[in-house]
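Report on one structure; see the data block that follows.
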Amino acid sequence: MKLRSYLLLANTISIAFIIVLLLVFFQYMLVTREQLIWLGLATVAAGIVSAFLFFLLIRPLEASVRRVGEGAGRIAAGELEARVDRTGLAEFRLLADQFNQMGASLEQSFRQVKAAESAQRELVANMAHDLRTPLASMQSYAEALEDGVIEDDATYRRYLATIRSETVRLNELIQDLFELSTLDRRTDDQVENVPAVLEDVLLELHPRFSMGLDAKGLQLRVRLPERSLRVNMLARHLQRILQNLIENAIRYSPHNGIIVIAAEEREDGVIRVSITDEGAGIAESERERIFERFYRTDRARSRESGGAGIGLSIAKLLVEQYGGRIGVEQAEGQGSRFWFTVNEAQGNQ
Ligand code: ADP
């Protein structure tokens with residue numbers, strides 16, 4: 001039943017009820033015949049006027065309901081940007097507001113889902129590409145060995161060494177990807193704040209870099225404050241961040257360069273750790289993008305030794321999980337200075 005018919009029916013029932021009452025009053029001689037006729041006529045006239053008024057007043061209500069209905073229909077048909085005009089009675093304006101809010105949040109969620117979908121697709125495409133490169137190289141070296149065309153021992157060994165180094169690269173890549181996916185799944189409340197001591201973490205890391213440093217004749221200088229710095233972060237996470245940044249500094253440093261690791265305390269209980277190298281630096285336009293997954297600058301892309309472009313995104317995820325910030329700036333002279341902030345642990349001495 002339509003709203004209009006429903007209200008007209010209610011109107012008719014109340015008029016009929018008044019007329020029945022009048023008849024009952026007449027029956028018990030509470031009103032005269034003449035009074036009954038006048039009162040009856042007045043009731044019918046009032047009924048007609050109120051039905052007419054209902055008819056007039058109901059139209060804007062119907063229009064408001066129709067507008068919201070049409071809006072819902074458009075959203076259901078996939079037109080998520082559909083909104084309803086804010087007109088009519090206060091309640092309908094409120095309804096329109098709520099409807100529009102609902103539409104806006106639906107639209108936003110839909111956009112987020114779309115963005116996540118395309119990021120996922122891009123991730124898979126990049127992963128496939130990065131896995132294919134070492135695999136293809138391993139395949140071609142293995143085929144050459146299988147063909148038996150290599151006769152001298154040195155080449156034979158070199159091919160085997162290449163296959164081995166490609167498997168190492170592949171393994172590192174898979175490990176990085178695995179780490180990235182588990183980081184994505186972690187939620188804030190899973191972050192335990194176990195303090196790590198910065199210098200202990202650096203000392204533990206040092207042996208991993210000595211070969212890379214020696215191979216390029218690099219010097220590593222560490223500048224830490226006198227007292228030990230305890231930070232609000234799991235040691236393995238701090239280790240991972242530093243490892244990724246130091247590995248990059250080594251990778252992109254020129255031979256015989258200097259790498260400086262420094263930490264300074266900020267008054268507000270925040271520690272800023274920085275790793276400075278003397279490499280070619282990073283163009284200003286790329287300083288944000290290098291923290292995106294799989295992003296490599298053109299220079300790094302053309303390099304054989306370049307990584308997959310995941311290291312910095314892992315570092316960013318970890319730093320941000322603990323409420324810190326990460327960035328890169330131009331170092332004095334040449335090179336880049338990567339930095340991140342982390343909260344000092346309570347009770348630091
Ligand atoms: P990758 O494994 O390729 O090094 P990262 O995520 O660690 O991936 O770094 C992303 C990109 O940022 C690198 O490919 C490189 O272009 C640039 N980059 C990172 N660190 C440095 C650095 N210290 N000096 C110059 N460029 C750097």
Side-chain angles (χ1 to χ4, degrees), residues 119 122-123 125-134 137 165-166 168-184 202 205 208-209 212-213 215-222 237-262 272-321 324-340:
E122 200 185 327
L123 184 76
N126 285 328
M127 265 167 53
H129 173 265
D130 281 299
L131 292 173
R132 210 184 306 130
T133 319
S137 128
S165 71
E166 290 294 3
V168 171
R169 197 169 142 197
L170 204 58
N171 195 23
E172 278 172 5
L173 181 64
I174 290 169
Q175 243 172 338
D176 276 354
L177 286 170
F178 179 69
E179 184 144 349
L180 200 63
S181 69
T182 52
L183 281 179
D184 280 353
L202 281 171
L205 271 176
R208 291 193 205 169
F209 299 121
L213 291 168
K216 287 178 105 175
L218 300 171
Q219 273 186 52
L220 183 69
R221 294 185 187 159
V222 181
H237 288 162
L238 182 63
Q239 203 172 42
R240 189 68 163 118
I241 298 165
L242 286 166
Q243 182 184 321
N244 290 0
L245 297 180
I246 299 170
E247 258 173 15
N248 278 349
I250 295 174
R251 183 179 289 155
Y252 299 105
S253 275
H255 282 267
N256 305 319
I258 299 172
I259 295 172
V260 181
I261 301 175
R272 180 176 138 130
V273 183
S274 64
I275 292 100
T276 312
D277 63 52
E278 295 183 332
I282 296 157
E284 200 165 350
S285 56
E286 297 194 291
R287 289 190 197 150
E288 292 251 326
R289 298 215 61 198
I290 52 168
F291 292 96
E292 288 171 17
R293 252 171 237 195
F294 289 106
Y295 187 80
R296 278 175 288 183
T297 57
D298 287 341
R299 211 179 286 143
R301 222 182 285 268
S302 55
R303 238 175 222 257
E304 284 254 317
S305 58
I310 312 178
L312 288 179
S313 57
I314 291 180
K316 184 175 157 75
L317 267 172
L318 283 173
V319 168
E320 289 178 352
Q321 255 178 24
R325 292 189 308 123
I326 189 168
V328 62
E329 58 197 23
Q330 169 88 39
E332 298 80 29
Q334 196 193 346
S336 13
R337 177 179 298 116
F338 280 84
W339 58 266
F340 66 92

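Position 1 is the first residue of the sequence, and the numbers go up from there. Not measured: the values here are computed from a predicted model. Atoms within each ligand, like the ligands themselves, are counted from 1 in listed order.
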_Around atom CD of Gln330, are there more than 12 heavy atoms from other residues, nucleotides or ligands closer than 6.0 Å?_
yes
*asked:* Taking only non-hydrogen atoms of Ser336, do any sit less than 4.0 angstrom from ligand 1?
replied: yes
Suppose I only count heavy atoms of [X] and a 4.0 Å limit; which atoms of ligand 1 are within that range?
| X | answer |
| --- | --- |
| Ile290 | 10 (C), 11 (C), 12 (O), 17 (C) |
| Gly311 | 5 (P), 6 (O), 7 (O) |
| Phe338 | 19 (C), 20 (N), 21 (C), 22 (C), 23 (N) |
| Leu312 | 5 (P), 6 (O), 7 (O), 9 (O), 10 (C), 12 (O), 19 (C) |
| Ile310 | 6 (O), 8 (O) |
| Arg251 | 1 (P), 2 (O), 4 (O) |
| Asp277 | 22 (C), 23 (N), 24 (N) |

*Is the shortest distance from a Lys or Arg side-chain nitrogen in Glu332 or Arg337 to a carboxylate oxygen in the other one below 4.0 Å?*
yes
_Using every non-hydrogen atom in the two residues, find where Gln243 and Phe209 come nearest and quote the distance to one decimal._
CA-CZ, 3.8 Å
_Between Gln219 (side chain only) and Ile259 (backbone N and O only), is there a donor and an acceptor less than 3.5 Å apart?_
no
*Starting at CG of Leu220, measure out to CD1 of Ile275 and round the result to the nearest 0.5 Å.*
9.5 Å
*From CA spacing to verdict: salt bridge (charged side-chain N to carboxylate O under 4.0 Å, His left out), Arg169, Glu166*: CA-CA 5 Å; Arg169 197 169 142 197; Glu166 290 294 3; 3.6 Å; yes
